[in-house]
Amino acid sequence: MLELEIKRALRDWRFVLFTVGMPIIIYLSSARGQGHTLGGTSAAKYLLVSMAVFSAIGAALNTGGPRIAAEREVGWTRQLRLTSMSSGLYITVKVLTAAVISLAAILTIFLFGAVFNHVRMPAALWLASGCAVWLGSLVFCALSVMLGYLFSTTSITIGLMVVNMGFSMLGGLFWPVEIFPSWLRAVAELTPTYHLAELGHSTQLGHWPHLSDLAVLGGCLALFGALAAWLYRRDEIRV
């Protein structure tokens, strides 16, 4: 089932274009030719992580949620409950599928940064920052599952767009939060997107992850996972 889900996601060229193509275009157009620094490093390196986070979030959100909403509507999830597949395994497959697609998105952004923007880092820092962004994106894999049970097929597209762009803009993926007003910066620092980007940027510079970033991301993962489980049980009772 996991193999089937991954193939289904990768066969949808519109999905791939939106989740990977758009961040690449934004990254190449915004970072190319910029000689100034951001966050203690070059703009090309800084924006590389920011767009990897943006791409990973988009891939995570748009992989699990819409399919769950569609399968609920056609009664597929109800049919699965008549088989030997457990509910936990079904949700795990959805999360793992989103995680695999997120990893592919991150690797693609990193590849474009290295080839077209000539970003150079030691192999250990490439690995550390990539793993940090990927593991942190599990928060949004869980959020996607939650939203799949919360929205219908007609409303989930708008819901995901609002969540994705709202978190991305507030989290400082398109511009540093240092330019925000103090009250807006305080709001930004409450978002998982901000802490995921900070996690990626700190590991990119060879620093240990900040405990605050790990705590917020871990708390959000637990919260979204618990809400997804509760919504699944509610949906099970209804059908």
Side-chain angles (χ1 to χ4, degrees), residues 19-20 22-61 99 102-141 143 164-180 182 184-221:
T19 57
V20 180
M22 188 172 70
I24 288 175
I25 294 173
I26 295 174
Y27 172 62
L28 294 180
S29 61
S30 59
R32 181 174 291 276
Q34 291 197 22
H36 61 275
T37 61
L38 290 172
T41 187
S42 67
K45 285 185 179 180
Y46 184 90
L47 293 173
L48 176 72
V49 169
S50 295
M51 288 301 101
V53 171
F54 179 53
S55 184
I57 291 174
L61 289 177
S102 293
L103 178 60
I106 294 167
L107 293 176
T108 303
I109 296 292
F110 276 18
L111 177 63
F112 270 77
V115 174
F116 294 99
N117 274 351
H118 309 292
V119 174
R120 298 292 181 265
M121 291 187 294
L125 296 185
W126 281 105
L127 182 61
S129 57
C131 287
V133 173
W134 181 52
L135 293 175
S137 69
L138 292 176
V139 172
F140 296 91
C141 296
L143 176 60
N164 189 8
M165 297 307 296
F167 272 145
S168 298
M169 289 188 291
L170 272 179
L173 299 186
F174 301 129
W175 41 72
V177 297
E178 286 76 15
I179 68 174
F180 289 0
S182 58
L184 187 56
R185 181 172 181 177
V187 174
E189 292 177 355
L190 296 176
T191 64
T193 316
Y194 169 82
H195 291 280
L196 178 54
E198 286 294 299
L199 184 65
H201 289 138
S202 61
T203 52
Q204 182 189 47
L205 296 174
H207 301 153
W208 286 101
H210 297 122
L211 291 179
S212 58
D213 298 328
L214 296 176
V216 171
L217 291 173
C220 288
L221 180 59

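None of the values given here were measured: they were computed from a predicted structure.
The shortest non-hydrogen separation linking Pro192 to Cys220 is CB-SG, 4.0 Å. Across all non-hydrogen atoms, the minimal contact from Val139 to Leu217 is CG2-O, 3.3 Å. In this structure, Leu199 and Ala132 approach most closely via the heavy-atom pair CD2-O, 3.6 Å. Here the closest heavy-atom approach between residue Ser129 and residue Trp126 is recorded as OG-O, 3.3 Å. Shown here for Gly171 and Thr193, the closest heavy-atom pair between the two residues is CA-CB, 4.1 Å. Scanning all heavy atoms of the two residues, the minimum distance from Val20 to Pro23 falls at O-CD, 3.3 Å.
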Can you check side-chain contact (heavy atoms from CB on, under 4.5 Å) on Asn117 and Tyr27, steps first, answer last?
-> CA-CA 9 Å; Asn117 274 351; Tyr27 172 62; 3.2 Å; yes
side-chain contact (heavy atoms from CB on, under 4.5 Å) assessment of Phe140 paired with Leu196 = CA-CA 10 Å; Phe140 296 91; Leu196 178 54; 3.9 Å; yes
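Interatomic distance, Leu143 CG to Phe167 CZ, rounded to the nearest 0.5 Å: 6.5 Å. One distance of note links CD1 of Ile24 with OG of Ser29; it measures 11.5 Å at 0.5 Å rounding. The CD1 atom of Ile26 lies 9.0 Å from the CD1 atom of Ile109; values are rounded to the nearest 0.5 Å. Note: Leu127 CG to Phe110 CZ = 9.5 Å, rounded to the nearest 0.5 Å. Once rounded to the nearest 0.5 Å, the distance linking CG of Leu173 with CE of Met165 reads 9.5 Å. With rounding to the nearest 0.5 angstrom, the CG atom of Leu205 is 9.5 Å from the CE atom of Met121.
Heavy-atom neighbours of Ile179 CD1 from other residues, nucleotides or ligands within 6.0 Å: above the threshold of 12.
A donor-acceptor pair under 3.5 Å is absent between the side-chain atoms of Trp134 and the main chain of Ser102, judged by distance alone.
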Side-chain polar contacts of residues 48-55 - donor-acceptor pairs under 3.5 angstrom, sequence neighbours left out - could you list them?
unit_1	atom_1	unit_2	atom_2	d
Ser50	OG	Tyr46	O	3.4
Ser50	OG	His201	NE2	3.3
Ser55	OG	Thr19	O	2.8

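Looking at Val216 and Thr191, their side chains never come closer than 4.5 Å, going by heavy atoms from C-beta outward.
The side chain to side chain donor-acceptor pair (under 3.5 Å) check on Arg185 picks up Glu189, with sequence neighbours excluded.
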